[in-house]
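Notes follow once the structure below has been shown.
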Amino acid sequence: MTDSVRASEERLIPFYSKTPIAIVKGKGHRVWDEQGKEYLDLTAGIAVVNLGHADPGINRAVSKQLSRISHISNLFIIPGQAELSERISSLAFPGKCFFCNSGAEANEAALKMSRIVGNLQKPGKNKVLALRDSFHGRTIATITLTGQEKYKKGFDPLLTNIDFVAPGSVEELRAKMDDSVCAVFLEAVQGEGGVKLLPAEFVAEARALTTKFNALLVFDEVQTGIGRTGKAFGYQNFKVQPDIITIAKALGNGFPIGAVLVTEAVSSKMGPGMHASTFGGNYLACAAGNAVLSRLTPKTLEAVNRSGQEFRVRLEALRAKYPEMISEVRAYGLMIGVDFSAAVSVKQVLDSLLERRILALRAGDNTLRLVPPFTVGAKEAEKLTQALSDILQSIDQAGGKK
Ligand SMILES: *Cc1c(COP(=O)(O)O)cnc(C)c1O
């Protein structure tokens, strides 16, 4: 155990079960620990460092801003905010932005705006629908909105008037949709929930019903945004336009920033004092955000789809080789899920990948989740698949799960 691992255990509130390595340097999809050991990073800091670690262009933009001014209050004009809002709109839909610092904060703001809009329309129009297996953050409001008990346990009382629908269940959505609903929150691809794309007919029905009942359709794009699924935003995998999207994770490529884009109709109901953030959209955050979005071109998205395909093809071939161990492979751009059957534990696979110096994630029940930096390609797909093949072979020979 290194000093920094021991110090972390002694000094940090134990909210995480941490992998006991300290990554101290990165470049693209490669990272190094304190001892100089190199790893292939297929996590991108959980879908954050989409353009790769220590990207020179992003670094230049942030350090240039750092030498001028870092922060001034949101009580003054910060020109980078309007620029960033315009960039987000040109990639998504026309509207206006609010800037904050994280995904949970972006969803919190979306929730507050949904309730304002609903309550103004009709007293009591403040029920919110979200999906089972969803993930929307860790504040009290966003764990309430999250459709997984494990994140809520012990934190009662939570918010009221938030209800859940099974992802994909048009019947349940129809049954729960009425005049009292002010918003429906969706993730285009449930990330923490297991890398699952919503069925198109379900999303179309959510749009139709929210329109019918004058409710807002909100897409949580915190993980699926900024090119992750091969589209600028995840909802663009469907033929719908949301009223609100929430963005964070990759918007600053590692610099903390969150954003909410809303339609003009939503924005017109907001006024001074209803919401605020001290740090939200400060000079440094906007410098990072603008630099990131200036790079989110059709060419970048094409590359994401091409690299995603490199992983998909190889992982599908691996599934064909080990059909009793891999039950399904899903890849939406570079958001990739590999479901293991009961014979294999994803924890064991992650440990074995780490031994082979590959960093990956888990999601859902028993799913390997890969959200690598966009710098990866065929070579990294090959390396991962070879490692997985070796791991599955040895599990197979040992007669299944240890
Ligand atoms: C990560 C995540 C969040 C929470 O973002 P934080 O920045 O950790 O608050 C919310 N929604 C989704 C879909 C996420 O993946």
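As the structure lists them, so they are numbered: ligands from 1, and atoms in each ligand from 1. The residues of the chain are indexed from 1 along the displayed sequence.
- Each of the following atoms of ligand 1 lies closer than 4.0 Å to a heavy atom of Gln223: 15 (O).
- Between the side chains of Ser4 and Glu34, a donor-acceptor pair is found at a separation under 3.5 Å.
- Under the 4.0 Å criterion applied to side-chain N and carboxylate O atoms, Lys96 and Glu264 are assigned as salt-bridge partners.
- Close approach of ligand 1 to His136 is summarised as follows: ligand atoms under 4.0 Å from at least one heavy atom of the residue are 10 (C), 11 (N).
- Using a 4.0 Å cut-off between charged nitrogen and carboxylate oxygen, Glu310 and Lys379 do not count as a salt-bridge pair.
- Ligand 1 has no N or O atom lying under 3.5 Å from any N or O atom of Glu105, backbone or side chain.
- The atoms of ligand 1 that sit less than 4.0 Å from any heavy atom of Ala104 are 4 (C), 5 (O), 6 (P), 9 (O).
- Between the side chains of Arg369 and Gln223, a donor-acceptor pair is found at a separation under 3.5 Å.
- Counting the atoms of ligand 1 from 1 in the order shown, those under 4.0 Å from a heavy atom of Asp220 are 10 (C), 11 (N), 12 (C), 13 (C).
- Looking only at protein heavy atoms, the nearest one to atom 14 (C) of ligand 1 is Lys249 NZ, 2.9 Å.
- Residue nearest to atom 5 (O) of ligand 1, selected from Gly103, Gly137, Gly234, Ala188: Gly103 (by heavy-atom distance).
- When each atom of ligand 1 is checked for a heavy atom of Asn107 under 4.0 Å away, the hits are 10 (C), 11 (N).
- A salt bridge is defined here as a Lys NZ or Arg NE, NH1 or NH2 lying under 4.0 Å from an Asp or Glu carboxylate O, and Asp339 with Arg330 meets this definition.
- Ligand-side atoms of ligand 1 in range of Ser102: 7 (O), 9 (O), range being under 4.0 angstrom from any heavy atom.
- We find that Glu83 and Arg87 are joined by a salt bridge, their nearest charged nitrogen and carboxylate oxygen being less than 4.0 Å apart.
- By the definition of a contact as any protein heavy atom under 4.0 Å away, atom 9 (O) of ligand 1 is in contact.
- Legend: salt bridge (charged side-chain N to carboxylate O under 4.0 Å, His left out) pairs involving residues 202-216, not counting sequence neighbours, sorted by first then second residue: Arg174-Glu205, Arg207-Asp243.
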